[in-house]
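Here's the structure, in C-alpha cells; my notes come after.
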There are 2 protein chains.
Amino acid sequence: MTKILIAEDDDHTRDALREVLTMEGYTVIPASDGLQAVDFFRAENPDFVCLDVMMPGLNGYEVCKQIRRQDEKVPILFLTAKAEEIDTVLGLELGADDYMTKPFGVKEIIARIRAILRRTASRGGGRTDDDFTMDDLRIVPTELRAYRDKIELALSPRDVKVLRLLYERRGKVIDRNTLADEVWGVDYFPESRALDQHISQLRKRIEKDPAQPRIIRTVHGAGYRFE
Amino acid sequence: MTKILIAEDDDHTRDALREVLTMEGYTVIPASDGLQAVDFFRAENPDFVCLDVMMPGLNGYEVCKQIRRQDEKVPILFLTAKAEEIDTVLGLELGADDYMTKPFGVKEIIARIRAILRRTASRGGGRTDDDFTMDDLRIVPTELRAYRDKIELALSPRDVKVLRLLYERRGKVIDRNTLADEVWGVDYFPESRALDQHISQLRKRIEKDPAQPRIIRTVHGAGYRFE
DNA sequence: AGCAACTTGTAAGAAAGTTGTAAGCCACCT
DNA sequence: AGGTGGCTTACAACTTTCTTACAAGTTGCT
C-alpha cells in the first residue's frame, strides 16, 4: 500500500486531493501545516510527499529539508501558486523530484505521482512495514525496534533499511554500491567508510557476538549477506 | 564494454569527462553538438547517454526526444548549468533517468552513471547474472556460490567471471590473452603467472580431482576449455 | 626413445587490497 | 552549552592476489 503525505494548508485543496488519491488506491496522510507534516513523516514513513510551498509555521522548503535529513530518497512533489515559480528552483535544489503550479487538474496530479513513483520504483521500491525475523531477532519496522527474547533493541530508520534489504535478498550478496544506493540514496564513494562504520555499529547492537556475526555476514571483496 | 555517448559543447568539460570515464573502463563517444549526438547515437548504439542541456543546433531536450523515439530504455543523464534547473523538470518528463547540475565532481558523475547502470541492468536487459551449470556444479552468481549436490562452495567475483566466460563459449578454447582481458580487464603480461595461479586455486575448490580437471581443462599451448 | 625447449601447475611468501573499529570531529537538536 | 548521531580519520587485522621459484608436463626434433 503506497502512503502519500499531503501537506497543504488550504482545506478545500487538501480534501480534494485526499479524495481523489484515495479513489486511486493510495493511503493519504493529510497535514495542514509544516510542523504537522514533519511529525507525520516521522511517524508514518510515507512513500511519497506532496508539499505546498506556502504554509503557516514551516514552509514547504523547510519541511523538505527536514524530510531530506531523514530520508534521501522519498519522492517529493512541490505544489506552488503561479507567482512562486522562481522559488521552484530552490525547491529543486532541496532534492525535490517535480513541481506543479496551481491550479492543477486532478488527472494531471495523479499522472505526475504515478510517473514519479514509476521512475523511482527501481530504487527502494515496494516498501512494506511488515515485521520480519533474522536469526533469533524479530524486527518491527513500525516501532523502530527489534526483539531478542524479551530484550528490546532500538533501531534507526537506516538500520531498518539495511536489515530489510539484506532480509529481502537473503542468500544473495549485496554489494556495497547497492547497499549505499538503496540505503543512503547515493552511490558509494569508495574512500568513505561511513558504510563500514554503520555496519560495525549495527552489529554491536544486534549480534550476540559481533566478531562472529550471524545476521550481517561479510563476503570479502563483494559485500554483505544474510541467510 | 559499456559505450557512453557524451554530448557537450564545451571542449574542456567534454575532454575531462572523456578522460575520466575512459579511465573507468568505459568507451566514450564524444559529440560536440546536438546533431552530432543524434547521428552518433544512431551509428554507435551506446549503452548510456550524457546530455548537456544547452548546445548549439539541437539542444539537449531535442536530442533526448530524438533518442527516445528510437530507444525507449537507454539511460539518459542530463547535465545542466545552475540557472537552467527549471528546465530540468522538463528533462525528466522526457524520460531522463537523472540529472546533474554543473559544476559537478568527477567522482559524483561516475557514481551516478554506475548507479543508473546498475539499476537499469536489473530490469530486463542483458542479464548476465543467471545461474548456470558446469558438469555437476551449479553456479549461482548472485550468491557468489556454487553447489555440488548439497555441498556449497564459495566463489569470488573473479571466479564467476572465469567460469561464465568458459561456460558461454563452451567447446571453444579460450586463450590466455582473452581470459586475462575479459576477466582482469587488461592485456595479459606473459611473464605473470597470476592467471595460472588463479586457475590452479579455483580448480582446487571446484574440481573433484584437480589433477584431472573436468570443468576447466588445459589445452596445451592454447588456453583453457570447458566441455 | 631421448633430449631440449617451452608451457603449465603449484607451494610459499610478499605485496596489495579490504574490512573492522576506536577516537575525534562536526552539524544539528535540544 | 551540552548531548546526539553520523561521518571521517587512522590504524590494526585480515583476506586475497601476485610473484617467485621450482617441479612437472608437453611438444617437436633427431
Side-chain angles (χ1 to χ4, degrees), chain A residues 35 38-39 41-42 58 62-72 94 144 153-162 166 173-177 179-180 183-207 209-225, chain B residues 107 144 153-162 173-177 179-180 183-207 209-225:
Chain A
L35 281 169
V38 174
D39 281 354
F41 184 84
R42 266 192 252 277
L58 243 50
E62 288 304 319
V63 176
C64 186
K65 268 194 214 163
Q66 300 267 350
I67 288 175
R68 277 279 172 266
R69 202 163 291 152
Q70 261 189 270
D71 189 325
E72 283 279 341
L94 289 168
L144 292 178
L153 301 159
L155 297 174
S156 70
R158 191 168 282 177
D159 296 333
V160 173
K161 280 187 196 169
V162 170
L166 288 162
V173 177
I174 312 293
D175 70 62
R176 308 163 77 83
N177 279 326
L179 196 52
V183 175
W184 273 258
V186 290
D187 211 283
Y188 178 59
F189 295 84
E191 65 271 15
S192 163
R193 311 299 311 286
L195 193 149
D196 306 62
Q197 191 57 244
H198 193 95
I199 296 289
S200 172
Q201 299 302 318
L202 180 53
R203 275 174 173 162
K204 263 195 213 166
R205 282 178 288 131
I206 66 168
E207 299 279 0
D209 177 7
Q212 298 292 320
R214 293 178 46 78
I215 298 174
I216 306 177
R217 302 196 190 192
T218 301
V219 182
H220 195 100
Y224 296 96
R225 164 161 54 199
Chain B
K107 290 194 176 132
L144 292 178
L153 301 160
L155 298 174
S156 71
R158 188 168 284 174
D159 296 334
V160 173
K161 276 191 198 170
V162 170
V173 178
I174 314 293
D175 70 62
R176 307 164 78 83
N177 271 313
L179 196 51
V183 176
W184 273 258
V186 290
D187 275 345
Y188 177 55
F189 300 97
E191 68 272 14
S192 163
R193 313 297 312 287
L195 193 149
D196 307 63
Q197 188 59 245
H198 194 94
I199 297 290
S200 170
Q201 299 301 316
L202 179 53
R203 275 173 173 161
K204 262 196 214 165
R205 283 178 289 133
I206 65 169
E207 299 280 1
D209 177 8
Q212 297 293 320
R214 293 177 47 78
I215 298 173
I216 306 177
R217 301 193 190 195
T218 300
V219 182
H220 196 97
Y224 296 97
R225 170 166 54 193

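We name chains A, B, ... by the order of the sequence lines, and we start the count at 1 in each one. Source: prediction; values computed, not measured.
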### Task
Would you indicate, yes or no, if C:dT8 has its OP1 or OP2 atom less than 4.0 angstrom from a side-chain nitrogen or oxygen of B:Ser200?
no
### Query
Would you call A:Asp196 and A:Arg176 a salt bridge, taking side-chain N to carboxylate O under 4.0 Å as the test?
yes
### Query
Does A:Lys204 make a side-chain N or O approach to OP1 or OP2 of C:dA22 shorter than 4.0 Å?
yes
### Message
I need the CZ-C1' distance between B:Arg176 and C:dG9, as an integer number of Å.
### Response
10 Å
### Message
Distance check needed: C:dT8 C1' versus B:Glu191 CD, whole Å only.
### Response
16 Å
### Task
Look at atom CZ of A:Arg158 and say whether more than 12 heavy atoms of other residues, nucleotides or ligands are closer to it than 6.0 Å.
yes
Between the protein and nucleotides 1-6 of chain C, list every N/O to N/O distance that falls short of 3.5 Å.
none

### Task
Find the distance A:Ile216:CD1 to C:dT19:C1' and express it as a whole number of Å.
14 Å
### Query
What is the distance from CZ of B:Arg225 to C1' of C:dT8, rounded to the nearest Å?
16 Å
### Task
Tell me whether the OP1 or OP2 atom of C:dG9 has a side-chain N or O from B:Tyr224 closer than 4.0 Å.
yes
### Task
Specify the closest pair of heavy atoms between A:Lys204 and A:Pro210, including all atoms of both residues, with the distance to one decimal.
CA-CG, 3.9 Å
Dump every N/O contact between nucleotides 17-19 of chain D and the protein below 3.5 Å, one line per pair.
residue, atom, partner, partner atom, Å
D:dT17, O3', B:Arg158, NH1, 3.3
D:dC18, OP1, B:Arg158, NH1, 3.4
D:dC18, OP1, B:Trp184, NE1, 3.1
D:dC18, OP2, B:Arg158, NH1, 3.2
D:dC18, OP2, B:Trp184, NE1, 3.4
D:dT19, OP2, B:Ser192, OG, 2.8
D:dT19, O4, B:Gln197, NE2, 2.9

### Rounded interatomic separation in angstrom, taking CD1 from B:Ile199 and P from C:dT10
11 Å
Would you tabulate the pairs of protein nitrogen or oxygen atoms and nucleotide nitrogen or oxygen atoms of nucleotides 26-30 of chain C closer than 3.5 angstrom?
residue, atom, partner, partner atom, Å
C:dC28, O3', A:Arg69, NH1, 3.4
C:dC29, OP1, A:Arg69, NH1, 2.8

#### Entry: Shortest non-hydrogen contact between A:Gly221 and B:Pro157, atoms and distance
O-CG, 4.1 Å
### Task
Could you check how far CD of B:Gln201 sits from C1' of C:dT10, rounded to whole Å?
8 Å
### Query
A:Gln66 and A:Leu58: which non-hydrogen atoms are nearest, and at how many Å?
CG-CD2, 4.5 Å
## Note on the structure
Which of B:Asp159, B:Val160, B:Leu153 passes side-chain contact (heavy atoms from CB on, under 4.5 Å) with B:Leu144? It is B:Val160
## Note on the structure
In short, B:Lys161 meets B:Val183 closest at the heavy-atom pair NZ-O, 3.8 Å
### Task
Spell out, as yes or no, whether a donor-acceptor pair under 3.5 Å connects the side chain of B:Glu207 to the backbone of B:Ile215.
yes
### Summary
When rounded to the nearest 0.5 Å, the distance separating OG1 of A:Thr218 from CZ of A:Arg225 is 10.5 Å
### Query
From B:Gln212 CD over to B:Arg217 CZ, what is the distance, rounded to the nearest 0.5 angstrom?
9.5 Å
### Task
Ignoring backbone atoms, establish whether B:Thr218 has a side-chain N or O less than 4.0 Å from OP1 or OP2 of C:dG9.
yes
### Message
Any non-hydrogen side-chain atom of B:Val173 less than 4.5 Å from a side-chain atom of B:Tyr224?
### Response
no
### Query
Over how many whole Å does the gap from A:Arg203 atom CZ to C:dA22 atom P extend?
13 Å
### Task
Take atom CG of B:Asp196 and atom P of D:dA23, then tell me their distance rounded to the nearest Å.
17 Å
### Task
Start with the C-alpha gap between B:Trp184 and B:Leu195, add the side-chain angles, then the distance that decides, and say whether side chain to side chain contact (heavy atoms under 4.5 Å, CB included) holds.
CA-CA 9 Å; B:Trp184 273 258; B:Leu195 193 149; 4.2 Å; yes
